[in-house]
Amino acid sequence: MMAGGMVYRLLLVGLIGLGAVPVSAAEVEGRLEWMRRVELSTPVSGVVREVPLRAGQRVAAGDLLLSLDTRSFKAAVTRGEADVRRLRAAMEEARRELERTQELYDRTLLAEHDLQLAKIADTTADSSFRAAQATLDQAKLDLEYAQIRAPFAGLVLRVDAEAGQSVVNRLQSTPLVVLAEAGRMRVRLLLTQDAAAGLTPGQAVPVAVSGRRYQGEILSIGLEPQAGTEPPRYPLDVVLSTGEDILRAGQPARVTLP
């Protein structure tokens with residue numbers, strides 16, 4: 001009887017870790033974390049025109065999260081398109097002139113110096129056109145960056161911008177919207193080597209949160225111990241599908257290990 005009690009206590013000790021509190025020999029309690037959390041910003045500077053959302057809202061992939069005033073960006077695109085048209089015409093004319101000069105040179109009616117000048121003019125016109133095209137491409141990209149859209153279906157955690165606010169991102173982008181993936185969360189447990197032995201990624205594990213049960217799956221098992229744990233404890237991540245339920249990071253979650 002004493003030996004059996006000792007084995008039970010040793011098993012409980014094996015499951016104890018930072019962020020993982022044993023509930024029984026097969027259950028471990030951790031806390032929910034976001035499966036994916038991103039801080040969204042824009043690499044361009046401007047004035048915020050629209051912020052059509054607030055913290056706590058659910059958004060679909062591609063939904064508009066924030067928009068800058070796009071008038072200056074559209075003007076840059078219009079100017080770039082005009083430069084491209086003008087320099088394309090100049091490039092095409094320089095190419096025709098080179099062909100005429102080459103023909104006259106082949107008939108020994110022009111000196112080689114004239115041919116070289118025509119080649120230089122053609123190269124210069126081509127380079128100017130390519131530079132204008134690159135400038136136009138950048139202007140179009142800046143116009144695209146003037147809007148922040150959701151990269152995936154998620155929950156808005158924080159909005160750090162208001163209409164009329166100036167955004168200056170010349171040196172470093174400032175986070176404007178924080179988004180977390182909707183429908184999936186994870187629980188991180190810290191287990192001793194013995195407790196983690198026999199567990200493999202992909203194993204199904206039930207997870208209980210606030211009296212509700214969810215289907216979880218072991219996502220990964222760390223091969224290096226968590227810093228500062230003694231004896232060494234290894235991180236084990238369990239991912240769970242939350243469906244339409246809105247759960248919060250930090251909520252306790254109970255995982256039943258196989």
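Remember, predicted model here, so these are calculated numbers, not experimental data.
Its side chain outside the 4.5 Å cluster rule for every partner, L117 clusters with none of the Ile, Leu, Val, Met, Phe, Trp and Tyr residues. L104 belongs to a hydrophobic cluster whose remaining members, ordered by chain and number, are L109, L110; membership requires side-chain heavy atoms of ILVMFWY residues under 4.5 Å apart, directly or through intermediates. Taking Ile, Leu, Val, Met, Phe, Trp and Tyr as hydrophobic and joining them when side-chain heavy atoms fall under 4.5 Å apart, one finds L98 in a cluster with Y105, L115. Taking Ile, Leu, Val, Met, Phe, Trp and Tyr as hydrophobic and joining them when side-chain heavy atoms fall under 4.5 Å apart, one finds V168 isolated, its cluster having no other members.
Between the OH atom of Y145 and the CG atom of N169 there is a distance of 12.5 Å, given to the nearest 0.5 Å. To the nearest 0.5 angstrom, L240 atom CG is 10.0 Å from D245 atom CG.
V238 has its side chain out of reach of L219: every pair of non-hydrogen atoms, C-beta onward, lies at least 4.5 Å apart. Counting only heavy atoms from C-beta outward, the side chains of Y214 and V209 approach each other to under 4.5 Å. Within the 4.5 Å cutoff, the side chain of D106 has heavy atoms near those of the Q102 side chain. A 4.5 Å side-chain heavy-atom check between D237 and V187 finds every atom pair outside the cut-off. You'll find the side chain of F73 reaches within 4.5 Å of the side chain of D142, heavy atoms only. Taking 4.5 Å as the limit, some side-chain heavy atom of Q226 sits within range of a side-chain heavy atom of T229.
Taking the side chain to side chain donor-acceptor pair (under 3.5 Å) definition, one finds that Q251 meets it with S210, sequence neighbours left out. Here D160 pairs with R158 under the salt bridge (Lys or Arg N to Asp or Glu O under 4.0 Å) rule; sequence neighbours left out. Every side chain to side chain donor-acceptor pair (under 3.5 Å) that E97 has, sequence neighbours left out, goes to R100. Contacts of R149 classified as salt bridge (Lys or Arg N to Asp or Glu O under 4.0 Å), with partners at least two apart in sequence or in another chain: none. Shown here are the salt bridge (Lys or Arg N to Asp or Glu O under 4.0 Å) partners of E99, two or more places apart in sequence or in another chain: there are none. For the side chain to side chain donor-acceptor pair (under 3.5 Å) test, residues two or more places apart in sequence or in another chain that qualify with R71 are D69.
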- [ ] Test Y234 against E224 for side-chain contact (heavy atoms from CB on, under 4.5 Å), laying out the working first.
- [x] CA-CA 6 Å; Y234 299 83; E224 295 184 339; 5.6 Å; no
- [ ] In sequence, state the C-alpha distance, the side-chain angles, and the governing distance for R86 and D83, and then conclude on salt bridge (Lys or Arg N to Asp or Glu O under 4.0 Å).
- [x] CA-CA 5 Å; R86 174 174 57 83; D83 288 342; 3.4 Å; yes
Task: Criterion side-chain contact (heavy atoms from CB on, under 4.5 Å) on V84 and F129, from CA distance to verdict - done: CA-CA 6 Å; V84 165; F129 169 73; 3.8 Å; yes
TODO: Show the numbers, then the answer: is there a side-chain contact (heavy atoms from CB on, under 4.5 Å) between T200 and Q203?
DONE: CA-CA 6 Å; T200 58; Q203 282 183 288; 3.4 Å; yes
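Classification of R37 and E39 as a salt-bridged pair holds, one side-chain N sitting under 4.0 Å from a carboxylate O.
Between the T42 side chain and the A146 main chain, no donor and acceptor come within less than 3.5 Å of each other. Q116 contributes no side-chain N or O that, together with a main-chain N or O of H113, makes up a donor-acceptor pair within less than 3.5 Å. Side chain of E93 to main chain of A90: no donor-acceptor pair is present (N/O by atom type, distance under 3.5 Å, no hydrogens or angles).
Between V205 and the options T256, V239, I218, a side-chain contact (heavy atoms from CB on, under 4.5 Å) holds for only I218.
Contacts classified as salt bridge (charged side-chain N to carboxylate O under 4.0 Å, His left out) and involving residues 116-126 (residues at least two apart or in different chains) are given here: R95-D122, D126-R130.
Following chains of ILVMFWY side-chain contacts shorter than 4.5 Å, one can reach V48 starting from L179, so the two form part of one hydrophobic cluster.
Minimum interatomic distance between A121 and A94 (heavy atoms only, all atoms of both residues): O-CB, 4.0 Å.
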Which donor-acceptor pairs under 3.5 Å do the side chains of residues 52-68 make with protein atoms, sequence neighbours left out?
unit_1	atom_1	unit_2	atom_2	d
Q57	OE1	R54	N	2.6
R58	NH2	E244	O	3.1
D63	OD2	A60	N	2.9
S67	OG	R49	NH2	3.2

